[in-house]
Amino acid sequence: MDNDRVVPDTEENATRCRCPDCPAYNECMKNKGEFFFCSRGSTKCEIDKRGCLCLHCPNEIKYKLNRFYYCEKGAATGKHVATETLIKN
């Protein structure tokens with residue numbers, strides 16, 4: 001995992017994670033207990049890209065991230081941070 005990851009792997013951030021509600025989240029990920037991909041990194045499971053909730057995730061907004069499908073691409077790093085949030089609270 002990259003040392004420059006942006007989203008700290010904390011209980012608070014994991015609680016805000018929307019991965020288990022995502023259309024791309026599947027039984028393989030569930031069975032392996034995988035989620036919180038923006039912090040913990042990508043899955044080894046096959047991904048069916050049926051939609052992505054990253055843009056609406058509280059962690060995505062809080063940490064000003066700007067990618068989708070962290071389950072495929074891995075943890076957010078400093079190079080993937082936006083200069084401003086796309087969604088205003």
Side-chain angles (χ1 to χ4, degrees):
M1 184 172 301
D2 293 327
N3 290 333
D4 63 340
R5 70 178 178 188
V6 175
V7 184
D9 188 353
T10 65
E11 176 100 16
E12 181 182 0
N13 286 338
T15 300
R16 284 194 291 261
C17 176
R18 301 271 317 271
C19 292
D21 299 324
C22 184
Y25 194 79
N26 60 42
E27 284 296 314
C28 177
M29 294 173 199
K30 181 179 178 180
N31 291 339
K32 291 183 176 193
E34 297 179 337
F35 70 105
F36 197 24
F37 301 109
C38 65
S39 180
R40 297 179 180 166
S42 60
T43 182
K44 302 263 189 257
C45 297
E46 189 172 317
I47 300 166
D48 181 12
K49 293 183 178 179
R50 297 179 294 153
C52 183
L53 295 181
C54 290
L55 180 63
H56 303 288
C57 177
N59 287 317
E60 176 91 0
I61 296 164
K62 178 178 180 177
Y63 293 99
K64 298 182 180 183
L65 306 181
N66 62 354
R67 286 176 61 188
F68 296 99
Y69 292 105
Y70 293 97
C71 56
E72 176 184 56
K73 297 175 183 172
T77 61
K79 62 187 173 223
H80 304 298
V81 176
T83 56
E84 62 183 63
T85 57
L86 300 175
I87 299 174
K88 303 296 181 197
N89 292 342

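Residue numbers start at 1 and run along the sequence shown.
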Do Asn13 and Ser39 touch side chain to side chain, with heavy atoms closer than 4.5 Å? no

Minimum side-chain heavy-atom gap Ser42-Tyr69 below 4.5 Å: no

Find out whether Arg40 and Phe35 are in side-chain contact, i.e. whether some heavy atom of one side chain is under 4.5 Å from a heavy atom of the other. yes

Quick one, Phe36 and Asn59 - any side-chain contact, counting heavy atoms below 4.5 Å? yes

Heavy atoms only: give me the nearest Arg67-Cys54 pair and the separation to one decimal. O-CB, 3.8 Å

Is there side-chain contact between Asp48 and Asn26, with heavy atoms separated by less than 4.5 Å? no

Find the distance between NZ (Lys44) and CE (Met29) and round it off to the nearest 0.5 Å. 12.5 Å

Step through the shown structure and confirm whether more than 12 heavy atoms of other residues, nucleotides or ligands are within 6.0 Å of NZ on Lys32. yes

Donor-acceptor contact below 3.5 Å, side chain Arg50 vs main chain Pro23: yes

For Thr43 and Cys71, indicate whether the former's side chain and the latter's backbone hold a donor-acceptor pair under 3.5 Å. no

Cys pair Cys28/Cys45: SG distance under 2.5 Å? yes

Ion pair present between Arg18 and Glu60, side-chain N to carboxylate O less than 4.0 angstrom? no

Minimum heavy-atom distance between Ile61 and Leu55, given as atom pair plus value: CG1-O, 4.0 Å

First locate atom OH of Tyr70, then atom SG of Cys17, and finally report the distance between them rounded to the nearest 0.5 Å. 12.0 Å

Kindly work out whether a path of hydrophobic side-chain contacts (I/L/V/M/F/W/Y, heavy atoms less than 4.5 Å apart) joins Leu53 to Phe37. no

In terms of heavy-atom contacts, Gly51 and Cys22 come closest through O-SG, 3.6 Å

Can you name the closest pair of heavy atoms from Leu65 and Ala76 and give their distance? CD2-CB, 3.7 Å

